[in-house]
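Since the structure comes first, as structure tokens, the remarks are kept for the end.
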Amino acid sequence: MAVALLLICLSSTLFMTGLIWLVQLVHYPLLSEVSPGAFGRYHTEHVRRIGPIVGPAMLAELVSAAGLVVVMPANTPLWLAITGLTVAILTWVVTALVQVPLHHQLATGYDASTCRKLVRSNWTRTLLWSTHAGIVLAMAGLAMS
């Protein structure tokens with residue numbers, strides 16, 4: 001059970017880490033290049049299409065991180081599992097309290113200031129997912145030793 005949870009957490013976290021770096025460095029900065037007349041439809045489609053991709057991965061990451069606190073892999077300290085879960089929870093909090101409201105603002109149309117806030121504030125999630133990736137990789141390394 002612990003190995004399955006670790007593999008789910010590892011794969012979902014690494015997936016989200018790669019995706020968030022792509023979003024941070026490519027996708028979000030290019031929002032300012034979409035013409036104002038096309039922005040509303042573009043943003044609506046972005047939200048519609050990205051949800052089914054990130055939703056299951058984020059949920060798998062959170063649930064498996066919680067599971068790793070209860071059923072820890074061999075050689076893995078509890079504090080590392082708790083830290084991983086804490087980082088995963090923080091990612092959800094930042095998403096819900098910062099990124100989602102900014103996307104709601106952009107749903108009404110292009111706003112340069114809101115796009116800049118989206119890019120700047122998304123660095124928090126980028127760092128959180130990168131941190132969680134390091135934690136889960138460390139857990140995997142310890143479990144294999």
Side-chain angles (χ1 to χ4, degrees), residues 2-36 38-73 76-144:
V3 172
L5 284 171
L6 184 58
L7 287 174
I8 292 167
C9 194
L10 183 63
S11 60
S12 58
T13 303
L14 291 177
F15 173 80
M16 286 306 302
T17 302
L19 182 61
I20 200 67
W21 276 99
L22 176 70
V23 166
Q24 182 62 32
L25 297 178
V26 177
H27 186 68
Y28 278 179
L30 287 175
L31 287 175
S32 63
E33 300 299 320
V34 178
S35 69
F39 188 85
R41 187 175 185 311
Y42 177 86
H43 185 265
T44 299
E45 281 300 303
H46 160 76
V47 171
R48 185 184 70 78
R49 292 177 186 208
I50 200 90
I53 295 169
V54 300
M58 285 180 69
L59 188 58
E61 177 192 26
L62 183 64
V63 170
S64 60
L68 288 171
V69 171
V70 178
V71 183
M72 291 183 308
T76 304
L78 178 60
W79 69 265
L80 196 55
I82 291 172
T83 304
L85 176 58
T86 302
V87 172
I89 290 169
L90 286 172
T91 304
W92 276 76
V93 169
V94 171
T95 299
L97 298 181
V98 179
Q99 299 308 116
V100 169
L102 289 171
H103 275 289
H104 283 312
Q105 290 176 27
L106 290 173
T108 62
Y110 177 77
D111 179 71
S113 174
T114 305
C115 281
R116 282 192 301 275
K117 287 178 191 172
L118 187 70
V119 173
R120 271 196 319 271
S121 63
N122 197 55
W123 277 112
T124 302
R125 293 191 315 161
T126 304
L127 295 174
L128 286 168
W129 263 306
S130 298
T131 299
H132 195 208
I135 290 168
V136 181
L137 285 167
M139 291 175 72
L142 289 169
M144 292 185 343

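A quick note: this is a predicted structure, and the numbers were derived from the prediction, not measured.
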Worksheet item: How far does CD1 of I135 sit from CD1 of I82, to the nearest 0.5 angstrom?
Response: 11.5 Å
Worksheet entry | Validation row: L30, V34 side chains within 4.5 angstrom (heavy atoms) | no
Worksheet item: Hey, mind stepping through T124 and V98 against side-chain contact (heavy atoms from CB on, under 4.5 Å) and telling me if it holds?
Response: CA-CA 10 Å; T124 302; V98 179; over 6 Å; no
Practice prompt. Would you indicate whether the side-chain heavy atoms of L142 and P73 approach each other to under 4.5 Å?
Written response: no
Worksheet item: Between L31 and F39, does a side-chain contact (heavy atoms from CB on, under 4.5 Å) hold up when you go through it step by step?
Response: CA-CA 8 Å; L31 287 175; F39 188 85; 4.2 Å; yes
Worksheet item: Heavy atoms, side chains only, cut-off 4.5 Å: are C115 and L106 in contact?
Response: yes
Fill in: From R125 atom CZ to S130 atom OG, the distance as rounded to the nearest 0.5 Å
12.0 Å
Discussion item. For V136 versus L10, what's the shortest heavy-atom pair and its separation?
Written reply: CG1-CA, 3.4 Å
Worksheet item: Under 6.0 Å between ring centres, would you say that holds for W92 and W129?
Response: no
Item to complete: Quick one: do L85 and L62 satisfy side-chain contact (heavy atoms from CB on, under 4.5 Å)? Show the steps, please.
Response: CA-CA 7 Å; L85 176 58; L62 183 64; 4.1 Å; yes
Worksheet item: In Å and rounded to the nearest 0.5 Å, what is the CG to OG1 distance from L78 to T83?
Response: 9.0 Å
Worksheet entry | Atom of T95, atom of M58 and distance for their closest heavy-atom approach | OG1-CE, 4.0 Å
Worksheet entry | Where at least one partner belongs to residues 101-119, residue pairs that pass salt bridge (Lys or Arg N to Asp or Glu O under 4.0 Å), sequence neighbours excluded | none
Item to complete: Indicate the atoms forming the closest heavy-atom contact of A81 with V69, along with that distance.
Response: O-CG2, 3.5 Å
Worksheet entry | Any donor-acceptor pair under 3.5 Å from T76 side chain to M72 backbone | no
Worksheet entry | Check: Y110 main-chain N/O paired with T114 side-chain donor or acceptor under 3.5 Å | no
Worksheet item: So H46 and H103, would you call those rings parallel, tilted or perpendicular, with 30° and 60° as cut-offs?
Response: parallel
Worksheet entry | OG1-CG distance between T13 and L128, expressed to the nearest 0.5 angstrom | 12.0 Å
Discussion item. Against V23, only a single residue in V119, N122, L118 fulfils side-chain contact (heavy atoms from CB on, under 4.5 Å); can you say which?
Written reply: N122
Discussion item. Give me each pair satisfying salt bridge (Lys or Arg N to Asp or Glu O under 4.0 Å) with a member in residues 43-63, each pair once, sequence neighbours excluded.
Written reply: E45-R48, E45-R49
Worksheet item: If you look at every heavy atom in P56 and P52, which pair is closest and at what distance?
Response: CD-O, 3.1 Å
Worksheet, complete the sentence: Minimal heavy-atom distance between L68 and L6, with the atoms involved, is CD2-N, 3.7 Å
Practice prompt. Answer yes if the ring centres of H132 and F15 are under 6.0 angstrom apart, and no otherwise.
Written response: no
Discussion item. Evaluate L137 against L14 for side-chain contact (heavy atoms from CB on, under 4.5 Å), listing each step before the verdict.
Written reply: CA-CA 9 Å; L137 285 167; L14 291 177; 4.2 Å; yes
Worksheet item: Nearest heavy-atom pair of A57 and S12: which atoms, and what distance?
Response: O-CB, 3.6 Å
